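Heads up: the structure comes next, in structure tokens.
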Amino acid sequence: METVPAKQDRIGARVPHEVYETLCRAAELSGATVNQFLVQSALKEAQAVIEREEVIRLSPRDWNWLLDLMENPPQPNAKLQAAMKHYQDAKQNNADNTFNREP
């Protein structure tokens, strides 16, 4: 059975000479090629950005507060009750609206 190599894409960048020299020096000191150094560094930063934007971190105190809220939710206030009533009325009164849209 043949194995299919993973698809690879190319990324290019133009940088000032001083930046290039700094990247070359850092790559040399880390024992990598400039390309390897750039890819490893960019990937590490990309993963950090994604984690920062997609992961929610809570202190133990806040985690316990959230669990308590999920296990013992407060009663709906007047605004939430009005919103739920509005939603139910709109759902019943307008069969052609987006509330009843079939996928």
Side-chain angles (χ1 to χ4, degrees):
M1 231 187 224
E2 286 186 44
T3 59
V4 178
K7 184 177 185 282
Q8 293 188 340
D9 295 311
R10 177 174 287 282
I11 298 174
R14 293 198 178 274
V15 296
H17 184 70
E18 297 78 27
V19 172
Y20 178 76
E21 285 181 341
T22 302
L23 293 171
C24 287
R25 176 115 170 95
E28 183 181 325
L29 291 170
S30 66
T33 66
V34 175
N35 192 53
Q36 290 168 332
F37 181 80
L38 287 173
V39 170
Q40 290 169 357
S41 299
L43 182 59
K44 183 178 177 182
E45 181 63 19
Q47 290 169 332
V49 168
I50 291 168
E51 182 176 343
R52 185 172 59 240
E53 294 299 320
E54 293 184 350
V55 175
I56 297 172
R57 299 200 186 281
L58 298 174
S59 68
R61 181 195 62 160
D62 290 342
W63 174 250
N64 289 329
W65 172 78
L66 180 61
L67 284 178
D68 184 54
L69 276 178
M70 290 190 308
E71 291 173 356
N72 305 299
Q75 293 297 314
N77 62 20
K79 285 187 177 183
L80 181 56
Q81 289 175 343
M84 289 188 301
K85 182 173 179 355
H86 177 73
Y87 169 75
Q88 292 300 329
D89 291 346
K91 199 165 110 173
Q92 287 178 344
N93 295 334
N94 190 353
D96 294 330
N97 71 14
T98 57
F99 293 121
N100 296 316
R101 195 178 105 211
E102 292 294 320

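Remember, predicted model here, so these are calculated numbers, not experimental data.
- Heavy atoms only, all atoms of each residue included: Ala27 and Thr33 are closest at CB-O, 3.7 Å.
- Interatomic distance, CG of Asn35 versus CD of Gln40, reported as 9.5 Å (0.5 Å rounding).
- Distance check, rounded to the nearest 0.5 Å: CG of Leu66 to CZ of Arg61 gives 12.5 Å.
- Counted within 6.0 Å of CD1 on Ile11, heavy atoms from surrounding residues, nucleotides or ligands total 12 or fewer; the atom is thus considered open.
- Heavy atoms only, all atoms of each residue included: Phe37 and Ala26 are closest at CZ-CB, 3.5 Å.
- Side-chain contact between Leu38 and Val34 is present, with heavy atoms from C-beta onward closer than 4.5 Å.
- Note that CE of Met70 is 10.5 Å distant from CH2 of Trp65, once rounded to the nearest 0.5 Å.
- Taking CE from Met84 and CG from Asp89, the interatomic distance works out to 12.0 Å, rounded to the nearest 0.5 Å.
- When every heavy atom of Leu58 is checked against every heavy atom of Trp63, the shortest pair comes out as CD1-CE3, 3.8 Å.
- In this structure, Ile56 CD1 and Asp62 CG are separated by 11.5 Å, a value rounded to the nearest 0.5 Å.
- Expressed to the nearest 0.5 Å, how far CD of Gln88 lies from NZ of Lys85 amounts to 9.5 Å.
- Hydrophobic clustering of Ile, Leu, Val, Met, Phe, Trp and Tyr side chains at less than 4.5 Å, counting indirect connections, keeps Ile50 apart from Val55.
- Put simply, the side chain of Asp68 never gets that close to the backbone of Asn64: no donor and acceptor are under 3.5 Å apart.
- Counting heavy-atom neighbours within 6.0 Å of Gln81 CD, excluding the residue itself, gives a total above 12.
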